[in-house]
*Asks:* 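Next up is a structure, given as structure tokens.
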Protein chains: 2
Amino acid sequence: MEESKVPLPTLERLATYLRYLNESTNRDEVTISSARMEEATGIHAAQFRKDLSYFGEFGQPGIGYKADELRQRIAAILKVEDTQPVILIGAGNLGSALLGYAGLPQHNFPIVGVFDNNANKIGYKLWNRTIEDIADLKAINRELKSQIAIVCVPNAAAQKVADQLVDAGIRVILNFAPTVLRVPERVFVRNVCFVQELMVLSFFLSPGLQAGD
Amino acid sequence: MEESKVPLPTLERLATYLRYLNESTNRDEVTISSARMEEATGIHAAQFRKDLSYFGEFGQPGIGYKADELRQRIAAILKVEDTQPVILIGAGNLGSALLGYAGLPQHNFPIVGVFDNNANKIGYKLWNRTIEDIADLKAINRELKSQIAIVCVPNAAAQKVADQLVDAGIRVILNFAPTVLRVPERVFVRNVCFVQELMVLSFFLSPGLQAGD
DNA sequence: TAGATTGTTAATCGATTAACAATC
DNA sequence: TAGATTGTTAATCGATTAACAATC
């Protein structure tokens with residue numbers, strides 16, 4: 001399982017397959033073929049088989065894949081069979097929305113700690129969870145043992161927070177601040193930027209046209 | 001400007017360049033070279049020049065790019081020089097957070113309408129904006145003339161909402177529901193899925209290790 | 001002019017798709 | 001067995017990077 005040679009797009013698609021297999025409405029499918037997966041996710045059947053091939057043999061020629069086994073194996077690859085505790089930095093609007101989002105614990109990503117640097121927030125509760133002082137991050141995470149952080153702080157604070165997270169033993173960061181975070185090579189960052197997504201979409205609008213034209 | 005042959009990764013990077021150029025803290029740079037842009041964004045200098053080359057000549061050999069002119073030209077390419085009104089579907093936690101996010105209007109994407117199907121929300125205000133009935137979407141958007149929609153509804157409702165959006169003249173959709181939306185070819189969709197991002201990151205964790213080990 | 005940096009071409013790299021022998 | 005579908009190899013496609021003549 002030479003992880004270093006797995007393409008990133010493959011990992012992203014694995015997550016898509018897993019999300020599909022996890023959906024309760026699909027739990028009645030006992031076996032699933034690559035053609036069926038293409039139908040469900042829009043990802044080419046050959047691509048699906050190729051993606052899996054990085055990790056061994058999964059299916060039965062002539063039959064397909066046992067849905068439940070496939071789900072378990074992809075979950076194992078992505079290391080989400082067991083709960084992965086997540087900490088959240090930044091108790092603003094977005095942080096609050098994420099804390100209230102049931103999809104995270106449902107997919108084995110419970111938020112186990114919330115941190116902020118704002119004295120008006122520290123000690124108060126958000127969704128029934130006490131907001132901790134970011135200064136105590138390292139000490140508290142010695143207990144929480146989280147390796148995953150979600151960063152929802154303003155741009156200006158993001159780099160400092162990233163440094164603190166690395167110091168506290170965090171290994172991967174989901175960053176909502178629209179900044180390039182500088183972290184050691186061993187730490188992985190993924191950025192989500194709403195404005196950037198809208199800019200890309202905006203390109204596809206026809207110039208000068210408005211809805212209804 | 002053969003739009004159809006511009007690679008999607010190029011558009012995503014253009015948005016990154018623009019975000020950098022838009023940052024107030026960088027407004028003192030009068031000219032900027034591709035090497036400087038690499039430093040700032042992590043994107044290879046050759047890649048930067050190649051990306052721009054799809055849209056004509058921008059810079060001065062030996063000197064670089066005039067920062068302000070570059071900003072304007074990229075903004076024009078992405079069609080964000082002028083305000084692009086956006087409508088928001090789903091007045092839940094995430095929708096509320098997006099509505100309160102100052103970054104959207106700051107980048108010329110003001111949210112001009114909010115819709116929901118929940119009778120307990122319709123008519124009430126969120127961030128001082130009245131929540132409209134999704135049933136009135138088409139009629140109201142005849143006035144709003146928005147071409148961009150952000151979808152923050154539960155999975156089960158997403159496809160129906162997408163159909164209504166298409167019917168109301170929406171051309172591009174930023175979808176936060178973890179479902180594959182079926183839309184006509186002329187409509188563009190980008191998906192943002194928090195759980196998927198976390199799954200990809202989770203892959204990079206070492207098995208069995210915890211923070212502090 | 002000399003030094004710097006662009007815009008573009010060509011080379012490399014990597015990812016997607018097609019095809020098909022293996023096999024349930 | 002015949003039909004279906006996998007896993008993998010090879011072919012295609014596309015994107016990134018290197019190199020350099022053009023030029024400010």
*Asks:* State the dot-bracket string of DNA chain C. Criteria: Watson-Crick or G-U wobble, both atom distances under 3.5 angstrom; notation: ( ) intrastrand, [ ] crossing earlier pairs, | interstrand, . unpaired.
*Replies:* ..||||||||||||||||||||||
*Asks:* Using the side-chain hydrogen bond (donor to acceptor under 3.5 Å, both in side chains) criterion, which residues pair with E12(B)? Sequence neighbours excluded.
*Replies:* R190(B)
*Asks:* Can you list every salt bridge (charged side-chain N to carboxylate O under 4.0 Å, His left out) pair that touches residues 47-57 of chain B, not counting sequence neighbours?
*Replies:* R13(B)-D51(B)
*Asks:* K138(B): which residues meet the salt bridge (Lys or Arg N to Asp or Glu O under 4.0 Å) condition with it, sequence neighbours left out?
*Replies:* D167(B)
*Asks:* For E69(B), which residues count as a salt bridge (Lys or Arg N to Asp or Glu O under 4.0 Å) partner, sequence neighbours excluded?
*Replies:* R73(B)
*Asks:* Give every residue pair that meets the salt bridge (charged side-chain N to carboxylate O under 4.0 Å, His left out) criterion with at least one member in residues 83-112 of chain B, sequence neighbours excluded.
*Replies:* none
*Asks:* Determine the interplanar angle of the F194(A) and F176(A) rings, folded into 0 to 90°, and report it as parallel if under 30°, tilted if 30 to 60°, perpendicular if over 60°.
*Replies:* tilted
*Asks:* In residues 30-38 of chain A, which residues come under 4.0 Å of DNA chain D by heavy atom?
*Replies:* S33(A), S34(A)
*Asks:* Using the closest heavy atom to pick a nucleotide of DNA chain D for each, name whichever of P61(A) or K50(A) lands nearer the 5' end.
*Replies:* P61(A)
*Asks:* Test of understanding: with side-chain hydrogen bond (donor to acceptor under 3.5 Å, both in side chains), list the residues that count as partners of Q72(B), not counting sequence neighbours.
*Replies:* D68(B)
*Asks:* Nearest nucleotide by nearest heavy atom, which residue falls closer to the 5' end of DNA chain C, G56(B) or L8(A)?
*Replies:* G56(B)
*Asks:* Checking R36(A) now: which residues fulfil salt bridge (Lys or Arg N to Asp or Glu O under 4.0 Å) with it, not counting sequence neighbours?
*Replies:* E29(A), E39(A)
*Asks:* Please identify the 5'-most and 3'-most nucleotides of DNA chain D with any atom under 4.0 angstrom from a heavy atom of chain A.
*Replies:* dA4(D) to dT9(D)
*Asks:* Apply ring-ring contact (aromatic ring centres under 6.0 Å, His included) to Y101(B) and list each qualifying residue two or more places apart in sequence or on a separate chain.
*Replies:* none
*Asks:* Closest nucleotide of DNA chain C for I63(A) versus for P9(A): which of these residues is on the 5' side?
*Replies:* P9(A)
*Asks:* Who pairs with D163(A) by salt bridge (Lys or Arg N to Asp or Glu O under 4.0 Å), at least two apart in sequence or on another chain?
*Replies:* none
